[in-house]
Amino acid sequence: MNHPKFILLFLFSVLTNLFGQEPNEGKSNFEFLPSGLHFQSLKANYQEAKIGVLYFPSNKNLKIDLGNSIDLFSFHFPQDDVRVTMGIDFFAYALSTSFAGNRLQIDALDGLFGGNTVISKKMGEDRIVAHLRVLHNSAHLVDGHFNQVTNSWIGNKKPIPYTKDFGELVFAYEHNSYSVLLKSYGGFSYASLIRPSTLKRWNFLLGFETAFPSLIGKVFDKPANLFIAYNLLLNGENTYNGNSDLMAGIKFGSWKEKGITLYAEYYLGQRRFDEYYKERVKEFGIGFYVDFF
């Protein structure tokens with residue numbers, strides 16, 4: 001897989017930072033399988049590792065998320081207050097529908113796997129972050145989209161070969177205080193392999209997340225965080241289109257630790273299952289997901 005030059009340069013800078021220090025610059029603190037997650041998944045980005053369910057009341061369909069992102073190695077450079085982690089991402093999300101009296105049929109599936117590198121630098125209570133992911137994405141129609149009686153694909157919609165190998169680089173600024181937690185971010189991705197070939201290789205995203213940990217207080221002796229999150233993704237086939245996702249909800253548990261999130265969202269854009277990427281939708285959903293770091 002031939003990745004773009006910016007990914008190679010980014011990795012080179014990471015390795016230089018890890019192994020290129022002079023002895024008098026101090027040593028790094030290395031940790032294998034660190035606890036927690038250095039950079040939490042972007043809440044309003046649908047291509048992130050989650051475990052949960054999103055329900056669409058208008059058609060009673062479900063988006064089912066299954067997967068996780070795990071940090072494997074951590075390097076901390078105390079002198080500069082810089083931390084570097086490397087990890088893996090394995091996740092999938094599926095469209096569950098009902099057809100011919102059969103409930104919870106899996107109609108479409110997107111699977112993604114790869115790895116990530118994160119570099120962060122603390123600035124007082126705040127920090128700046130660079131997050132690189134290199135992922136393989138493939139999309140499929142499965143048996144829930146097939147009519148066994150007529151031996152045909154439902155609606156005459158047949159599978160298309162959909163594949164994307166891409167690198168994604170996101171820069172974020174995180175502000176932390178007692179009353180407000182804020183993450184603002186922006187970035188881009190480039191696909192070195194893409195099918196259909198008419199899809200845009202360059203995609204762009206930006207967004208924010210804001211949490212208010214002191215508004216409610218504790219529930220069952222655990223923190224409760226009201227939050228709002230927004231993500232805008234620019235992608236397309238021949239021209240760029242905007243995909244907008246607005247979320248609001250509450251997370252039970254510390255904001256950067258394990259917990260349960262209940263949320264509502266409004267999405268406007270191309271369908272999130274890539275076998276249907278030509279279709280545009282307006283969707284309201286309610287759901288939950290579980291963080292376990």
Side-chain angles (χ1 to χ4, degrees), residues 1-12 14-15 37-52 63-73 84-96 106-119 130-145 158-171 185 187-205 231 233-237 240-241 243 245 269-279 289:
M1 178 164 54
N2 295 319
H3 298 300
K5 290 182 179 180
F6 77 84
I7 296 179
L8 297 177
L9 291 172
F10 185 87
L11 292 175
F12 177 77
V14 171
L15 294 176
L37 194 61
H38 191 187
F39 185 79
Q40 287 187 301
S41 300
L42 302 175
K43 294 189 176 343
N45 183 359
Y46 64 84
Q47 283 195 327
E48 294 280 0
K50 296 178 182 177
I51 292 182
K63 177 178 182 276
I64 302 173
D65 288 277
L66 183 63
N68 201 12
S69 179
I70 301 173
D71 291 339
L72 300 179
F73 308 100
V84 180
T85 56
M86 299 176 182
I88 57 174
D89 302 273
F90 277 78
F91 60 100
Y93 51 94
L95 172 63
S96 174
I106 301 302
D107 181 286
L109 176 71
D110 279 67
L112 298 95
F113 65 87
N116 69 80
T117 298
V118 181
I119 301 177
H131 179 226
L132 171 69
R133 299 194 298 176
V134 179
L135 296 172
H136 168 79
N137 173 205
S138 60
H140 311 272
L141 291 179
V142 291
D143 63 337
H145 191 79
K158 297 180 180 180
I160 61 171
Y162 187 100
T163 304
K164 183 185 288 187
D165 293 337
F166 66 98
E168 178 189 80
L169 183 59
V170 172
F171 298 95
Y185 61 86
F188 57 90
S189 66
Y190 176 82
S192 59
L193 171 64
I194 198 162
R195 189 171 55 200
S197 60
T198 52
L199 294 171
K200 294 288 189 183
R201 291 182 179 269
W202 291 94
N203 293 173
F204 305 90
L205 75 159
N231 187 82
L233 171 66
L234 295 178
N235 63 5
E237 188 170 15
Y240 280 101
N241 297 305
N243 305 279
D245 199 338
Q270 76 172 44
R271 290 192 71 176
R272 288 171 275 197
F273 306 95
D274 286 321
E275 283 288 331
Y276 296 100
Y277 76 90
K278 289 180 178 290
E279 301 179 13
Y289 63 86

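We count residues from 1, following the sequence as given. Not measured: the values here are computed from a predicted model.
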Who are the salt bridge (charged side-chain N to carboxylate O under 4.0 Å, His left out) partners of Lys164, not counting sequence neighbours? none

Where is the tightest heavy-atom contact between Phe273 and Ala108, given as atom of each residue plus distance? CB-CB, 4.2 Å

Partner residues of Phe204 under the side chain to side chain contact (heavy atoms under 4.5 Å, CB included) criterion, sequence neighbours left out: Phe188, Trp202, Leu234, Tyr240

Could you state the interatomic distance from CD (Gln270) to CG (Asn235), rounded to the nearest 0.5 Å? 4.5 Å

Do the non-hydrogen side-chain atoms of Leu233 and Tyr46 ever get within less than 4.5 Å of each other? yes

So, do Asn231 and Lys43 sit near enough that their side-chain heavy atoms are less than 4.5 Å apart? no

All side chain to side chain contact (heavy atoms under 4.5 Å, CB included) counterparts of Asp89, not counting sequence neighbours: Ser69, Phe91, Asn116, Arg133, Leu135

Does Tyr289 have any side-chain hydrogen bond (donor to acceptor under 3.5 Å, both in side chains) partners at least two apart in sequence or in another chain, and if so, which? none

Pick one: which of Val118, Leu132, Thr117, Asp71 meets side-chain contact (heavy atoms from CB on, under 4.5 Å) with Met86? Thr117

d(Phe171 CZ, Ile119 CD1) to nearest 0.5 Å is 9.0 Å

Test side chain to side chain contact (heavy atoms under 4.5 Å, CB included) applied to Leu72 - qualifying residues, sequence neighbours left out: Leu33, Ile70, Ile88

Holding to side-chain hydrogen bond (donor to acceptor under 3.5 Å, both in side chains), I want the full list of residues that pass it with Tyr276, two or more places apart in sequence or in another chain. Asp107, His145

Asp245: what forms a salt bridge (charged side-chain N to carboxylate O under 4.0 Å, His left out) with it, not counting sequence neighbours? Arg272

Which salt bridge (charged side-chain N to carboxylate O under 4.0 Å, His left out) pairs, counting each pair once, include a residue from residues 192-202, with sequence neighbours left out? none

Are Tyr93 and Glu48 packed together at the side-chain level, in the sense that at least one heavy-atom pair is separated by less than 4.5 angstrom? no

Would you say the side chain of Leu205 lies within less than 4.5 Å of the side chain of Val170, judging by non-hydrogen atoms? yes

On a heavy-atom basis, the closest approach of Ala139 and Asp110 is CB-OD2, 3.6 Å

Looking only at heavy atoms, what is the nearest atom pair of Ser189 and Phe166, with distance? CB-CD1, 4.1 Å

When rounded to the nearest 0.5 angstrom, what is the spacing between OG1 in Thr85 and NE2 in His38? 5.0 Å

Does some side-chain heavy atom of Glu275 sit less than 4.5 Å from a side-chain heavy atom of Ile160? yes

Nearest heavy-atom contact between Leu109 and Ala92 is CD1-CB, 4.0 Å

Taking side chain as C-beta onward, heavy atoms only, is Tyr190 less than 4.5 Å from Asn203? no

Hey, which of Asp274, Asp165, Thr163, Ile194 is the one that makes side-chain contact (heavy atoms from CB on, under 4.5 Å) with Asn137? Asp274

Just wondering, do Tyr185 and His131 contact through their side chains at under 4.5 Å, heavy atoms? no

Nearest 0.5 Å, please: how far is OH in Tyr277 from CD in Glu279? 11.0 Å

Straight-line distance of Ile106 CD1 to Leu141 CG, nearest 0.5 Å: 12.5 Å

Please name all residues satisfying side-chain hydrogen bond (donor to acceptor under 3.5 Å, both in side chains) with Thr198, sequence neighbours left out, ordered by chain then number. Glu237

To the nearest 0.5 Å, what is the distance between CD1 on Ile64 and OG on Ser96? 4.5 Å

Using the side chain to side chain contact (heavy atoms under 4.5 Å, CB included) criterion, which residues pair with Ser138? Sequence neighbours excluded. His136, His140

